[in-house]
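Below: one structure, written as structure tokens.
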Amino acid sequence: MKDEFPRHFFILPVILLGLILGTVIKLFVIDILLVSGKSMFPAIKDGERILVNRLSYGIAKPFGDKLSVQWGEPERGDVVIYLYNDKIVVKRCVAVGGDSLFAQKLDYSQDFQYTLSVESLEIPLTEVQYLSFREIDSVPAGYILAVGDNYEESVDSRAYGFVSVQNVLGRVIGK
């Protein structure tokens, strides 16, 4: 009679290998996230799931908010994820390092409207946001301007400033 291992000795290592592989893929390669909020409407709706390529710009530190190895940077138009206040946020990169910015105050009779001009976009600003951007003429190298598509509902770079490319953890590739 041959010495045979019972089948259950092989099941545990296969399950453990599957769990480890799944965790590595989710942390470093592809992630599926549930969007909560209206800041990216209409491109991404509240409650939709998005597919994120976590290798688009580099390899993130496990459970961290920065890239440990970087090989790319976001481009204008990329929808990216990064951590803000310990939450993953989804925003559109509207300007990259070196892009010109122009904050202006427009006078419409007795009402004022504040805007930030980036390329062909006119992004509305509050008076407080205008005051923080009016002296800035371009995006600093190594940073992006990240803004939600739904300007009225989005808390984004207009409120908390430029986002370091080192903090961009992935690019949305689908829904």
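In this chain, residues are counted from 1 in sequence order. Quick note: numbers below take in every heavy atom, side chains included, and nothing from hydrogens, waters or symmetry partners.
At least one donor-acceptor pair under 3.5 Å links the side chain of Gln129 to the backbone N or O of Thr126. Put simply, the side chain of Ser138 never gets that close to the backbone of Ser100: no donor and acceptor are under 3.5 Å apart. A donor-acceptor contact shorter than 3.5 Å is absent between the side chain of Lys66 and the backbone of Val168. Put simply, the side chain of Arg171 never gets that close to the backbone of Leu55: no donor and acceptor are under 3.5 Å apart.
Residues Val96 and Glu73 fail the side-chain proximity criterion, which asks for heavy atoms closer than 4.5 Å. By the 4.5 Å heavy-atom criterion applied to side chains, Leu101 and Val139 are counted as neighbours. With a 4.5 Å cut-off on side-chain heavy atoms, Leu125 and Thr115 do not count as touching. Contact check for Asp78 versus Tyr57: side-chain heavy atoms found under the 4.5 Å cut-off.
Ring geometry for Phe162 versus Phe133: interplanar angle over 60°, hence perpendicular rather than tilted (30 to 60°).
Side-chain contact, Lys91 with Ser154: a donor N or O sits under 3.5 Å from an acceptor N or O. With no hydrogens or angles considered, a side-chain donor-acceptor pair links Glu122 and Ser117 at under 3.5 Å. Judged purely by distance below 3.5 Å, without hydrogens or angles, the side chains of Tyr84 and Asp65 never pair a donor atom with an acceptor atom.
In this structure, the separation between CZ on Phe41 and CD on Glu48 is 9.5 Å, given to the nearest 0.5 Å. Separating the CG atom in Asn53 from the CG atom in Leu169 is a distance of 12.0 Å, to the nearest 0.5 Å. In this structure, CD1 in Ile88 is found 8.5 Å from CD1 in Ile50, a value given to the nearest 0.5 Å. The CG atom of Leu131 lies 7.0 Å from the OH atom of Tyr114; values are rounded to the nearest 0.5 Å.
With Arg54 as the fixed residue, the side-chain contact (heavy atoms from CB on, under 4.5 Å) test singles out one of Leu27, Ile81, Ile59: Ile81. For the pairing with Val147, the side-chain contact (heavy atoms from CB on, under 4.5 Å) check across Leu121, Leu116, Asp156 returns one residue only, Asp156.
Ion pairing between Lys38 and Asp46 fails under the 4.0 Å rule for side-chain N and carboxylate O.
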Please evaluate residues Ile144 and Cys93 with respect to the criterion side chain to side chain contact (heavy atoms under 4.5 Å, CB included), reporting the C-alpha separation (whole Å), side-chain torsions for both, the decisive distance (0.1 Å), and the verdict. CA-CA 6 Å; Ile144 64 169; Cys93 173; 3.9 Å; yes
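In terms of heavy atoms, Val94 sits closest to Val118 at O-CG1, 3.3 Å.
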